[in-house]
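Worksheet for the structure shown next.
A, B, ... follow the sequence lines: proteins, then strands. Residue 1 opens every chain. Everything quoted here is computed from the prediction, not taken from an experiment.
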Number of protein chains: 2
Amino acid sequence: MLRAATRLLRRGGLAAAGVNRIVAESGAPKGSLYHFFPDGKDQIAREALAAYAERVAARVRERLEPMMGDPAAVVRGFFAMGAEAARRSDYALSCPAGAVALDLEPDDAELRRACDGVFARLADELVAVLAVLPAARRAPFAGLMVSTMQGAYIRARAARSLAPFDEAGEQLALLVPTLRATTTQGNRR
Amino acid sequence: MLRAATRLLRRGGLAAAGVNRIVAESGAPKGSLYHFFPDGKDQIAREALAAYAERVAARVRERLEPMMGDPAAVVRGFFAMGAEAARRSDYALSCPAGAVALDLEPDDAELRRACDGVFARLADELVAVLAVLPAARRAPFAGLMVSTMQGAYIRARAARSLAPFDEAGEQLALLVPTLRATTTQGNRR
DNA sequence: GCGTTACTAGACCGATCGTTATAGAAACCT
DNA sequence: AGGTTTCTATAACGATCGGTCTAGTAACGC
């Protein structure tokens, strides 16, 4: 059921993940939804996002850990993962956290934090596989990668093209030598 | 009325821009909606996106053209614009095209193209103000900037922080020297 | 066996969705 | 003024939304 919720969230954000559609697509028992998720839709979305965070973090580590010695390869590999997800779903599936974040009403504080948690979890994983970079550079660069990945999902869907992923991977990889060369004391401003 | 539609799209994507909410918030005559927009919600969204594209392109040019000689300043200025929009709306308003793109059902071909048009228009404007860069580098870098901006909107909203904009601006600015130095024949792969 | 709890089916609620229909007011042409 | 077109108000449509409720079955402790 959480799996169906995640897929619908990835497809069209909060709006597409109606409770009726979730139970319909999941084939799960319809009456038991509010038994396991007493708080309703918000709780489903929250837990789906939390589960997604762990799953995607694990996949990132599994796939990028072998390239730890070559940060540029890590960058390219990261965006290749996004491209693959987009291609395999014919541009239907994006990151659920991104889709939800843009659907948020200002009062959905918990859901907002759940989205933030996904990004934070992802950035942490990237920091780990970017260990070769100077310490002070890792976190901002990981954040940049996460942001760019979210945007690439958006643009890829709009253009029905994988170019945004390739574009992002190639160019952010170009940034790696600069990040390696610059020591902490050499930071701009 | 298009203005109200745009604001609602920026706030929460297609789902938040219900026709009733549009007429309510716009104060516009309620009965006349389907007189001016016979195709209904899709048409409103399409025209709102088209109008937004022109407006944001004009603002980008107006604000960044003075810095054309310094691409790094252009980059920082671009993301400062995003940060300002997010800050002024208390993280409520993002790019409508991004929000709509992640809400799209696969059959909304026209709306998808409208989103793509916004990104293309924006990238074109960035290419124009990045004229100092080598020609072959401009378009991909402009695309990267657009993608990263979309992602920064997402992460800023999730984190309720402007850090993603600063992060993006600072680091993409670091990429400028590399792009300037590398000639066309020096392209990787 | 029984009693209790965990779970499920499905109808049902009011609200809101996008859209259409009807009918009346405003504006315009001559 | 009369007639025509343009616009507006309001009600209503069926569909779907998130959520509740009741009745019932399945599973378990004892």
Side-chain angles (χ1 to χ4, degrees), chain A residues 1-51 92 96 99-115, chain B residues 1-51 92 96 99-115:
Chain A
M1 167 142 27
L2 281 178
R3 202 172 334 154
T6 303
R7 207 179 50 219
L8 289 170
L9 287 177
R10 295 185 64 174
R11 202 183 300 267
L14 264 184
V19 287
N20 299 322
R21 285 184 65 173
I22 291 177
V23 297
E25 285 216 23
S26 70
K30 325 178 179 183
S32 54
L33 200 154
Y34 283 88
H35 177 77
F36 292 106
F37 304 96
D39 290 353
K41 181 175 180 173
D42 276 24
Q43 184 183 0
I44 297 180
R46 260 181 282 134
E47 297 197 13
L49 287 176
V100 169
L102 290 183
D103 277 354
L104 280 178
E105 303 280 338
D107 51 332
D108 297 328
E110 308 227 13
L111 257 179
R112 181 185 64 73
R113 258 188 291 269
C115 294
Chain B
M1 170 145 22
L2 282 178
R3 203 172 333 154
T6 303
R7 206 180 48 220
L8 289 170
L9 286 177
R10 295 184 65 176
R11 202 182 299 268
L14 265 184
V19 288
N20 299 322
R21 286 183 65 171
I22 291 177
V23 297
E25 286 216 22
S26 70
K30 325 177 178 183
S32 54
L33 199 155
Y34 284 90
H35 177 77
F36 293 105
F37 304 96
D39 290 354
K41 181 176 180 172
D42 276 24
Q43 185 182 359
I44 298 180
R46 261 181 281 134
E47 297 197 14
L49 286 176
V100 170
L102 290 184
D103 277 355
L104 282 176
E105 303 278 339
D107 52 331
D108 297 329
E110 307 227 11
L111 257 180
R112 182 184 63 73
R113 258 187 292 269
C115 294

Applying side chain to side chain contact (heavy atoms under 4.5 Å, CB included), can you list everything that pairs with A92(B), at least two apart in sequence or on another chain?
R11(B), S89(B)

Keeping to residues at least two apart or across chains, list the salt bridge (Lys or Arg N to Asp or Glu O under 4.0 Å) pairs with something in residues 29-45 of chain B.
none

Side chains of residues 99-113 of chain A: which donor-acceptor pairs under 3.5 Å do they make with residues two or more places apart or in other chains?
{"residue": "D103(A)", "atom": "OD2", "partner": "L14(A)", "partner atom": "N", "Å": "3.0"}
{"residue": "D108(A)", "atom": "OD2", "partner": "E105(A)", "partner atom": "N", "Å": "3.4"}
{"residue": "R112(A)", "atom": "NH1", "partner": "A158(B)", "partner atom": "O", "Å": "2.8"}

Taken to the nearest whole Å, CZ/F37(B) to P/dC7(D) is 12 Å

Please state how far atom CG in D103(A) lies from atom P in dC17(C), giving the value in whole angstrom units.
14 Å

Under 3.5 Å, which donor-acceptor pairs do the side chains of residues 20-29 of chain A form with other protein atoms, sequence neighbours left out?
{"residue": "E25(A)", "atom": "OE1", "partner": "R7(A)", "partner atom": "NH2", "Å": "2.6"}
{"residue": "S26(A)", "atom": "OG", "partner": "I22(A)", "partner atom": "O", "Å": "2.9"}
{"residue": "S26(A)", "atom": "OG", "partner": "V23(A)", "partner atom": "O", "Å": "3.3"}
{"residue": "S26(A)", "atom": "OG", "partner": "A28(A)", "partner atom": "N", "Å": "3.0"}

Strictly below 4.0 Å, heavy-atom distances to any atom of DNA chain D: list the hits from residues 10-36 of chain B, or just say none.
P29(B), K30(B), G31(B), S32(B), H35(B), F36(B)

Roughly, in whole Å, what's the span from CG in L8(A) to C1' in dG18(D)?
15 Å

State which residues pass side chain to side chain contact (heavy atoms under 4.5 Å, CB included) with A51(A); sequence neighbours excluded, sorted by chain then number.
none

